[in-house]
Undergrad: 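I have a structure here, written as structure tokens, and I will follow up with some questions on it.
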Amino acid sequence: MAKSFKILFVSSEVYPFSKESGIADVSNSLPIALKSLGHDVRVISPKYGSISERKNKIHNISRLREVPIKVGDRTEFVNIKSSSLNSPKYKVQVYFTTNYHYFEERLGIYHDPITWQEYLDNSERFIFFSKSVLETCIQLKWIPDIVHCNDWQTALLPAFIRSGYSNLFSKSKIVFTIHNFYRQGIFPLEEFFKTGLNNDYLKYFEHNGKFNFMKGALHFSNFITTVSPTYREEILEDNILNNGLNNELKIKEKTFKGILNGIDNFIWNPRKDQLIHSKLNNDFLDFKYKNKIQLQKIIGLPIEPDIPLYGMIPRIGYQKGIGLFIESADKIFNNDIQFILLGQGDPNLKSQIINVAKKYPNKFKPIFTFDENLSHQIEAGSDFFLMPSQYEPCGLNLMYSHNYGTVPIVRATGGLKDTGINFNEDTLNGNSIVFDNYDIDDFTKAIIKSIKLYYNKDVFSQIIQNGLSCDYTWKEGVKQYDSIYRTIFKE
Ligand code: GLC
């Protein structure tokens, strides 16, 4: 039998405990997929103030109480708590870094939820988190073979491990996964000195006169991955997307792979989904009809089963194409359509969205909150799902949309390019409506194409079928991670 590894999966968001973006979903589904291969996988993440201990069955671990951790001149104490990820067949242990000052006293993950200001001490918060990860392993005497880090919040760990924080980790190997290379964890240079790393390490983190967390992770990890093959190529080449770190990536080219994310077919399964109004059995039209009417009802849109309904669940920022949506609004809402947008983010963009909603009150409803139940209901009840992203490392919602027979309208970028195949009305091939250029013209053309398709019922049902028959489980992706672990473990 193949060797099984001790794998510690480190992430700042883990569904169902905390979620701001798709990284939370991957931090649930990938560890479960790895467990299914027989590995001893455990997950660790911070416990933010919004995570209820009772609801999530989180309990204390008596050995892991009041462990001191230094961040700059400050000493804070960590308590580690525990819960689990549960799927029908597998259970994965989750550790929570608990500290009142850095996490417990705040409701947001990286931002204040009301003002959307980033917390001013985010660098300290994730220095603390990284050290707590190592302390947890040391105190538990459970030393991972593989430390799998995700995004900038965990990007100091590779340096801590290789700098000899404890020689217990001398054999541990490190994989670093990039979910969004535009957010690199960039802070004033002085913040570096709070890490406690020797000053010799500064050169590995200094970029454009700033302290850049991710730069260090690229240097100290044994293998780098990102969440789709196309996004890998894009960040190797595009100086805006990689914020000038192309040389650092190029050096690693041979140990840098794009692996398309998978999804959990238990959580995002319209036949089993407990969060939607009406589950799918064998009558797709009935499923869509019931969920659509219910969605219109709860959102307060006119009940109109026969006009196209569009859903969008973005983080409200430029990356997700919100600027493009606002600029195109008059052209889009010139048509007889309905539109729901659910998301949190930039207050300035939010006020522009509100102006659009005031102009088209019977057509457009934005909801500015984070609501996982509603996001399932939007996937189930909409006819189309919009992702006009400027860039998109993977884009899990395209996959969720296909599972729910909701046709994605996406821009050909990153993971959306790897998964969205533009529908061809002559051959009836394709599962999405895909447009190329990030501009009003291409975007509105895609919307017009969708409206025409919607009223051509036979053709419309074909594109839906094409999406429903796609398979996005982790089956293939997890094998690739497994083989990376095996390769680096032999080194
Ligand atoms: C980030 C990316 C998104 C990806 C997700 C999971 O949120 O922006 O494209 O799907 O991570 O990897």
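Keep in mind it's a predicted model, so treat the numbers as computed, not measured. We number each residue from 1, following the sequence as shown.
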Undergrad: Keeping T115 on the side-chain end and Q117 on the backbone end, is there a donor-acceptor pair under 3.5 Å?
TA: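 Checked: pair present.
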
Undergrad: Is K250 paired with E248 through a side-chain N to carboxylate O contact shorter than 4.0 Å?
TA: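 Looking at E248 and K250, the cut-off is not met.
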
Undergrad: Would you say the ring centroid of F17 lies under 6.0 angstrom from that of F96?
TA: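 Between F17 and F96, the centre distance is under 6.0 Å.
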
Undergrad: For Y201 and F220, I'd like to know if the aromatic rings sit close, meaning centre-to-centre distance below 6.0 Å.
TA: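 Yes, the ring centres sit under 6.0 Å apart.
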
Undergrad: For the residue pair H148 and Y481, is the inter-centroid distance of their aromatic rings smaller than 6.0 Å?
TA: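 Close enough - the centres of the two rings lie under 6.0 Å apart.
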
Undergrad: Is the F325 to F364 ring centre distance short of 6.0 Å?
TA: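 Yes, close enough.
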
Undergrad: If you look at every heavy atom in M312 and I322, which pair is closest and at what distance?
TA: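 For M312 and I322, the tightest heavy-atom pair comes out as CE-CD1, 3.9 Å.
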
Undergrad: Treating S27 as the side-chain partner and V14 as the backbone partner, does any N or O pair qualify as donor plus acceptor under 3.5 Å?
TA: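 Not at all, since once roles are kept as given, no pair shorter than 3.5 Å links the two residues.
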
Undergrad: Go through it in stages, so that I can follow the logic: the residues are T225 and T177, the test is side chain to side chain donor-acceptor pair (under 3.5 Å), and I'd like the CA-CA distance, side-chain angles, deciding distance and then a yes or no.
TA: CA-CA 5 Å; T225 73; T177 296; 2.7 Å; yes

Undergrad: Testing the basics here: between L260 and C394, what is the closest heavy-atom pair and its distance to 0.1 Å?
TA: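 In terms of heavy atoms, the two residues are closest at CD1-SG, 4.2 Å.
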
Undergrad: Mind running side chain to side chain donor-acceptor pair (under 3.5 Å) on H402 and T419 for me, showing each step along the way?
TA: CA-CA 10 Å; H402 280 157; T419 46; over 6 Å; no

Undergrad: Between F128 and Y102, how do the two ring planes meet: parallel, tilted or perpendicular, split at 30° and 60°?
TA: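 Tilted: the ring planes of F128 and Y102 meet at 30° to 60°.
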
Undergrad: Looking only at the side chains, is there a donor atom on one of E379 and S401 sitting less than 3.5 Å from an acceptor on the other?
TA: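 A pair is found: one side chain offers a donor N or O, the other an acceptor, under 3.5 Å apart.
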
Undergrad: Tell me if a side-chain donor or acceptor on N79 pairs with a main-chain N or O of E66 at a distance below 3.5 Å.
TA: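 Checking the backbone N and O of E66 against the side chain of N79, a donor-acceptor pair under 3.5 Å is found.
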
Undergrad: Is the centre of the Y472 ring less than 6.0 Å from the centre of the W268 ring?
TA: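 Ring centroids of Y472 and W268 are no less than 6.0 Å from each other.
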
Undergrad: Looking only at side chains, do N56 and S83 share a donor and an acceptor under 3.5 Å apart?
TA: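 Note: N56 and S83 side chains miss the donor-acceptor criterion.
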
Undergrad: Between N403 and N265, is there a side-chain donor-acceptor contact under 3.5 Å, judged purely by atom types and distance?
TA: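 There is such a pair between these side chains.
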
Undergrad: Ignoring hydrogens and geometry beyond distance, is a side-chain donor-acceptor pair present between Q390 and T413 at under 3.5 Å?
TA: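 No, because no side-chain N or O of Q390 sits under 3.5 Å from a partner of the opposite role on T413.
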
Undergrad: List the steps and the verdict of side chain to side chain donor-acceptor pair (under 3.5 Å) for E13 and Y48.
TA: CA-CA 10 Å; E13 298 176 32; Y48 307 102; over 6 Å; no

Undergrad: I'd like to know if the side chain of D346 reaches the main chain of G317, judged simply by a donor and an acceptor atom lying under 3.5 Å from each other, with no hydrogens or angles considered.
TA: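 Such a contact is absent between D346 side chain and G317 backbone.
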
Undergrad: For F368, is the CZ atom crowded, meaning more than 12 foreign heavy atoms sit under 6.0 Å from it?
TA: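 Counting other residues, nucleotides and ligands, CZ of F368 exceeds 12 neighbours.
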
Undergrad: Quick check on the 6.0 Å ring-centre criterion: do F5 and F489 meet it?
TA: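 F5 vs F489: aromatic centres under 6.0 Å.
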
Undergrad: Do other residues, nucleotides or ligands put more than 12 heavy atoms under 6.0 Å from K81 NZ?
TA: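 Result for NZ/K81: enclosed.
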
Undergrad: Please say whether more than 12 non-hydrogen atoms of neighbouring residues, nucleotides or ligands are located less than 6.0 Å from NZ in K203.
TA: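 Enclosed.
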
Undergrad: Tell me the closest heavy-atom pair linking I235 and L249, and the distance in Å.
TA: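 That closest heavy-atom pairing would be O-CD1, 3.7 Å.
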
Undergrad: Ignoring hydrogens and angles, state whether a donor on the side chain of H39 or D482 is under 3.5 Å from an acceptor on the partner side chain.
TA: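 The criterion, which ignores hydrogens and geometry beyond distance, is satisfied for D482 and H39.
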
Undergrad: Could you tell me whether a side-chain N or O of S432 sits under 3.5 Å from a main-chain N or O of I409, the two making a donor and an acceptor?
TA: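 Absent.
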
Undergrad: Measure across D436 and A412 and return the closest heavy-atom pair with its distance rounded to 0.1 Å.
TA: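 Minimum heavy-atom contact is OD1-CB, 3.7 Å.
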
Undergrad: May I ask you to decide whether R74 forms a salt bridge with E124, counting only side-chain N to carboxylate O separations under 4.0 Å?
TA: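 Between E124 and R74 there is no salt bridge, as every charged N stays at least 4.0 Å from the carboxylate O atoms.
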
Undergrad: Mark yes or no for whether Q377, through its side chain, and L275, through its backbone, hold a donor-acceptor pair below 3.5 Å.
TA: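 Yes; judged by distance alone, with no hydrogens or angles, the pair exists.
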
Undergrad: Tell me whether F193 at atom CZ has more than 12 heavy atoms from other residues, nucleotides or ligands lying less than 6.0 Å away.
TA: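 Yes, enclosed.
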
Undergrad: Are T369 and D371 linked by a side-chain donor-acceptor pair shorter than 3.5 Å?
TA: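 No, D371 and T369 have no side-chain donor paired with an acceptor closer than 3.5 Å.
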
Undergrad: Tell me whether D238 contacts the main-chain N or O of E234 through its side chain, where contact means a donor paired with an acceptor under 3.5 Å.
TA: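 No: the side chain of D238 does not pair with the backbone of E234.
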
Undergrad: Got L30 and V26 here, is their nearest side-chain heavy-atom distance under 4.5 Å?
TA: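 In contact.
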
Undergrad: Quick one: does D264's side chain have a donor or acceptor within less than 3.5 Å of a partner on D25's backbone?
TA: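 Such a contact is absent between D264 side chain and D25 backbone.
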
Undergrad: Would the F213 and F205 ring centres measure less than 6.0 Å apart?
TA: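 No, the ring of F213 stays outside the 6.0 Å limit from the ring of F205, centre to centre.
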
Undergrad: Tell me if the centroids of the rings in F187 and W152 come within less than 6.0 Å of each other.
TA: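 Centroid separation for F187 and W152: below 6.0 Å.
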
Undergrad: Around atom CG of D73, are there more than 12 heavy atoms from other residues, nucleotides or ligands closer than 6.0 Å?
TA: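 It does not: D73 CG has 12 such atoms or fewer within range.
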
Undergrad: Let me see the working for Q319 and S389 under side chain to side chain donor-acceptor pair (under 3.5 Å), right down to the final yes or no.
TA: CA-CA 6 Å; Q319 178 207 339; S389 307; 5.7 Å; no

Undergrad: Can a cation-pi geometry be assigned to R232 and F256, taking NZ or CZ under 6.0 Å from the six-membered ring centre and within 45° of the ring axis?
TA: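 Geometry flag: set, cation within 6.0 Å and 45°.
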
Undergrad: Going through the distances and angles, do D40 and R42 end up as a side-chain contact (heavy atoms from CB on, under 4.5 Å)?
TA: CA-CA 7 Å; D40 175 5; R42 308 187 189 183; 3.3 Å; yes

Undergrad: Heavy-atom count check: over 12 atoms from other residues, nucleotides or ligands less than 6.0 Å from K210 NZ?
TA: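 Counting neighbours around NZ of K210, 12 or fewer heavy atoms of other residues, nucleotides or ligands fall under 6.0 Å, so no.
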
Undergrad: Which heavy-atom pair separates S12 from S45 by the least distance, and what is that distance?
TA: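 Result for this residue pair: C-OG, 3.6 Å.
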
Undergrad: Salt-bridged, D121 to R106, with N to O below 4.0 Å?
TA: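 Yes, this pair counts.
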
Undergrad: Between S228 and D418, what is the shortest heavy-atom contact and its length?
TA: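 What the structure gives for the nearest pair is CB-OD2, 3.3 Å.
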
Undergrad: Using modelled atom types only, decide if a donor and an acceptor are shared between the side chain of D151 and the backbone of Q153 within a distance under 3.5 Å.
TA: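 The answer is no, because no donor-acceptor pair under 3.5 Å joins these two groups.
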
Undergrad: Please confirm whether the backbone N or O of K6 pairs with a side-chain atom of D145, one donor and one acceptor, at under 3.5 Å?
TA: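 Flag set: sc D145 to bb K6 pair under 3.5 Å.
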
